[in-house]
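Read through the structure below, which is laid out as structure tokens, and then see the notes.
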Amino acid sequence: DPLEAAKARVQRKIDANRELQDQIVKDRAEVQKQLEQLRKELPREKQGPLRPRDYQRLTPAEQELNDRWNELIEELKALVGEGAQRGQRGFDLKQQLRDLDQTYQRARTYSYDPAVGQDVIDSAGGLDQISNTAPRSGKLSVEHTVTVWEIVTELDGYNELVLEDQNQVLSYRRNLLAMDRNLNSSRQDTPWSRWSFGRQVYGDAAVEHMIAEQNRLRQELQGLINTL
């Protein structure tokens, strides 16, 4: 199931992010432990950044402890900042997971602009544009070379687009072609590289061509998203 596969990818990102958050917590605890030890060795007035003349009054051992204190404080600040970023990342990923069902189903329902779809069918001249022969079923339908699920789940930035721009991406004319209706239904959202039945029907040469087209169009679509 393409949707479940996409959700599983997001969940793996959530799990990986959580592991990083856990590591940050452990690192912060270790830094704080070292700071607590330094507090016992370095008087309060000798902790933190000092004016040059005050720093020079420290003994060499105290200067070393002061330097270490300042290093640990900076390390702690960095860990706090990274922890906040990871927290936001986790929130965003969970929101993405919640939105995925709705976004994907809406995209599948819309699919493409009807006027663009009609232009695809009209320009095909009654031929399946993959085989350049009459459709075996006698009917054509509009096919996304880069599938809807790839657009929704793999192209960076699609889910952040406003609805009008998402529709523009889904209706990208060069990504649409006319295909035998039954075969299109059979393929659904399966990438050409994994649609084994397609090789039986269209042959290796046609499928390899479609794989190359899919890779090229994926870059075009990503470029379009980046401009919207």
Side-chain angles (χ1 to χ4, degrees), residues 1-104 106-107 146 149-166 168-169 191 215 218-228:
D1 185 327
L3 179 57
E4 290 305 315
K7 290 164 69 175
R9 283 197 299 275
V10 176
Q11 185 60 55
R12 286 195 292 272
K13 291 179 182 179
I14 291 174
D15 295 341
N17 187 71
R18 187 179 295 117
E19 289 181 8
L20 290 172
Q21 286 179 293
D22 291 343
Q23 186 60 52
I24 289 170
V25 170
K26 292 178 183 178
D27 291 344
R28 284 181 60 178
E30 177 60 29
V31 170
Q32 289 169 335
K33 179 181 178 181
Q34 293 182 49
L35 285 170
E36 285 300 319
Q37 182 60 39
L38 280 177
R39 284 191 178 96
K40 299 175 183 178
E41 303 177 38
L42 190 65
R44 183 181 181 86
E45 65 274 9
K46 297 180 180 180
Q47 299 170 5
L50 300 175
R51 292 179 297 181
R53 65 181 182 182
D54 292 331
Y55 181 81
Q56 292 302 321
R57 291 172 182 162
L58 301 179
T59 65
E62 289 174 333
Q63 288 180 354
E64 184 175 343
L65 291 174
N66 179 268
D67 291 343
R68 181 58 181 153
W69 175 276
N70 293 330
E71 289 173 1
L72 288 170
I73 290 296
E74 290 304 313
E75 187 175 344
L76 184 60
K77 289 179 181 178
L79 288 169
V80 169
E82 187 178 355
Q85 291 177 357
R86 286 293 163 189
Q88 183 62 49
R89 172 67 171 163
F91 176 85
D92 292 343
L93 285 170
K94 289 176 183 177
Q95 185 64 47
Q96 182 180 344
L97 190 61
R98 287 190 292 269
D99 290 346
L100 202 50
D101 278 305
Q102 180 179 354
T103 302
Y104 176 76
R106 192 213 65 77
V146 178
W149 85 268
E150 287 178 285
I151 292 172
V152 173
T153 65
E154 294 188 0
L155 296 185
D156 292 336
Y158 174 86
N159 292 292
E160 284 71 52
L161 296 176
V162 298
L163 183 59
E164 180 180 359
D165 290 342
Q166 288 183 350
Q168 182 178 341
V169 174
N215 292 334
R218 189 180 289 113
Q219 294 180 2
E220 282 193 26
L221 288 166
Q222 186 63 70
L224 174 60
I225 291 171
N226 294 343
T227 65
L228 294 175

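- Taken to the nearest 0.5 Å, the CD atom of Gln96 stands 11.5 Å off from the CD atom of Gln11.
- The 12-atom threshold is not exceeded at CD of Glu164, counting heavy atoms of other residues, nucleotides or ligands nearer than 6.0 Å.
- Taking CD from Glu71 and CD from Gln34, the interatomic distance works out to 10.5 Å, rounded to the nearest 0.5 Å.
- Between Gln166 and Leu163 the shortest side-chain heavy-atom distance falls below 4.5 Å.
- Heavy-atom contacts from other residues, nucleotides or ligands closer than 6.0 Å to CD of Glu64 number 12 or fewer.
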Taking distance alone, no hydrogens or angles, what donor-acceptor pairs closer than 3.5 Å link side-chain atoms of residues 84-92 to residues at least two apart or in another chain?
from, atom 1, to, atom 2, distance (Å)
Arg86, NH1, Asn17, OD1, 3.0
Gln88, NE2, Asp92, OD1, 2.9

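- In this structure, Arg12 does not pair ionically with Asp15, as no charged nitrogen and carboxylate oxygen lie closer than 4.0 Å.
- Taking CD of Glu30 as the start and CG of Leu79 as the end, the distance is 11.0 Å to the nearest 0.5 Å.
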Next item on the list: For side chain to side chain contact (heavy atoms under 4.5 Å, CB included), just list the numbers for Leu50 and Leu58, CA-CA rounded to whole Å, side-chain angles, deciding distance to a tenth of an Å, and then say yes or no.
Entry: CA-CA 10 Å; Leu50 300 175; Leu58 301 179; 3.6 Å; yes

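- Under the side chain to side chain donor-acceptor pair (under 3.5 Å) criterion, Gln47 pairs with no residue, sequence neighbours left out.
- In terms of heavy atoms, Gln168 sits closest to Leu228 at OE1-CD2, 3.7 Å.
- Atom OG1 of Thr103 and atom CD of Glu160 lie 9.5 Å apart (nearest 0.5 Å).
- Heavy-atom contacts from other residues, nucleotides or ligands closer than 6.0 Å to CD of Gln219 number 12 or fewer.
- Leu35 has its side chain within reach of Val31: a pair of non-hydrogen atoms, C-beta onward, lies under 4.5 Å apart.
- The side chain to side chain contact (heavy atoms under 4.5 Å, CB included) check on Lys26 picks up Gln23, with sequence neighbours excluded.
- Once rounded to the nearest 0.5 Å, the distance linking CD of Glu82 with CG of Asp27 reads 8.0 Å.
- Looking at heavy atoms from C-beta onward, Trp69 lies out of side-chain contact with Lys46 at the 4.5 angstrom threshold.
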Check: Going through the checks in order, is the side chain to side chain contact (heavy atoms under 4.5 Å, CB included) test met by Asp67 and Tyr55?
Finding: CA-CA 10 Å; Asp67 291 343; Tyr55 181 81; 3.0 Å; yes

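- A salt bridge is defined here as a Lys NZ or Arg NE, NH1 or NH2 lying under 4.0 Å from an Asp or Glu carboxylate O, and Glu36 with Lys33 fails to meet this definition.
- Of all heavy-atom pairs spanning Val152 and Asn159, the tightest one is O-ND2, 3.0 Å.
- For the atom pair CD (Gln222) and OG1 (Thr227), the distance works out to 10.5 Å, reported to the nearest 0.5 Å.
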Notebook entry, point to check: What's the verdict on side chain to side chain donor-acceptor pair (under 3.5 Å) for Arg18 and Gln21, showing C-alpha distance, side-chain angles and the deciding distance?
Noted result: CA-CA 5 Å; Arg18 187 179 295 117; Gln21 286 179 293; 5.6 Å; no

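- Tested against Leu161, the residues Leu155, Ile225, Leu224 include a single side-chain contact (heavy atoms from CB on, under 4.5 Å) partner, Ile225.
- In this structure, the side chains of Arg57 and Glu62 stay at 4.5 Å or more apart for every pair of heavy atoms.
- With contacts defined as side-chain heavy-atom distances shorter than 4.5 Å, the pair Leu221/Tyr158 does not qualify.
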